[in-house]
Amino acid sequence: MVIRVQFKGLEKTTRFMAELPKKLDAELSKTNQEFMENVKNDAKKLAPRDTGELKESIVLEPVRKGTNVKKWKLVVNALHGIHQEEGFTPHFAFIRNSSKMVPGRYFVRKNTPFVKPALERNFNRYLNMLTVSTKRALAK
């Protein structure tokens with residue numbers, strides 16, 4: 001006894017399965033960029049604004065160029081950015097152009113992290129963003 005089973009209409013399903021990785025890749029790339037833009041904007045809001053140099057030095061760069069960039073890096077180009085984020089040994093510093101202080105030598109001992117809090121603010125939303133983008137890719 002031989003049983004023969006034949007499926008009809010699998011062309012659409014096969015096409016959907018072949019195109020899904022491309023669509024999902026594109027949607028996840030958009031989501032990653034949107035997430036990193038949110039982190040960048042929050043980091044700029046949280047950065048100390050004594051001269052504005054630190055805020056202006058925060059930029060977003062792709063790790064690799066291409067149509068669907070999945071990896072982004074947040075770059076702080078100001079030299080004192082790492083010290084504000086990670087802290088430093090209390091010391092005397094010469095402040096030249098400050099909107100808050102008269103130029104002179106000041107004892108500096110406080111740091112104000114701005115990137116880590118920005119990541120913490122946005123991470124919970126990121127999981128939801130990934131879910132939404134995956135559903136969008138499946139709906140296309």
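Computation of the quantities below employed the complete heavy-atom set of this structure, encompassing side-chain atoms and omitting hydrogens, waters and symmetry-equivalent molecules. Along the sequence shown, residues are numbered consecutively beginning with 1.
- Under the 4.5 Å side-chain heavy-atom criterion for ILVMFWY residues, no single connected hydrophobic cluster contains both L79 and I82.
- Atom NZ of K73 sits about 15.0 Å away from atom NZ of K40, to the nearest 0.5 Å.
- Between P48 and T112, the shortest heavy-atom contact is CG-CB, 3.7 Å.
- To the nearest 0.5 Å, the span separating CG on N77 from CG on L54 amounts to 10.5 Å.
- Put simply, CH2 on W72 and CD on E37 are 7.0 Å apart, with the number rounded to the nearest 0.5 Å.
- A side-chain N or O of N122 and one of R125 form a donor-acceptor pair less than 3.5 Å apart.
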message: Assess the residue pair T131 and L127 against the criterion (side-chain contact (heavy atoms from CB on, under 4.5 Å)); give the C-alpha distance rounded to whole Å, side-chain angles, the decisive distance to 0.1 Å, and a yes or no.
response: CA-CA 6 Å; T131 303; L127 299 175; 5.7 Å; no
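- One hydrophobic cluster holds both F123 and V115 under the rule that ILVMFWY side chains link at heavy-atom gaps under 4.5 Å.
- The line from CG of D42 to CG of L119 is 9.5 Å long, rounded to the nearest 0.5 Å.
- In terms of heavy atoms, A118 sits closest to A43 at CB-N, 3.6 Å.
- In terms of heavy atoms, Q84 sits closest to F114 at CB-CE2, 4.0 Å.
- Within the model, atoms CD of E27 and CE of M129 stand 11.5 Å from one another, a figure rounded to the nearest 0.5 Å.
- Ring pair Y126/F35 is tilted by interplanar angle, where 30° to 60° counts as tilted.
- With a 4.5 Å cut-off on side-chain heavy atoms, L74 and M36 count as touching.
- For A78 against S57, the heavy-atom pair with the smallest separation is N-OG, 3.2 Å.
- For the pair L138/L24, no side-chain contact is recorded, criterion being any heavy-atom separation below 4.5 Å from C-beta on.
- Atom CG of N41 is separated from atom NZ of K45 by 6.5 Å, given to the nearest 0.5 angstrom.
- Put simply, the side chain of R121 reaches to within 4.5 Å of the side chain of L46, judged on heavy atoms.
- Annotation for E86 and K116: closest pair OE2-NZ, 3.3 Å, computed over non-hydrogen atoms.
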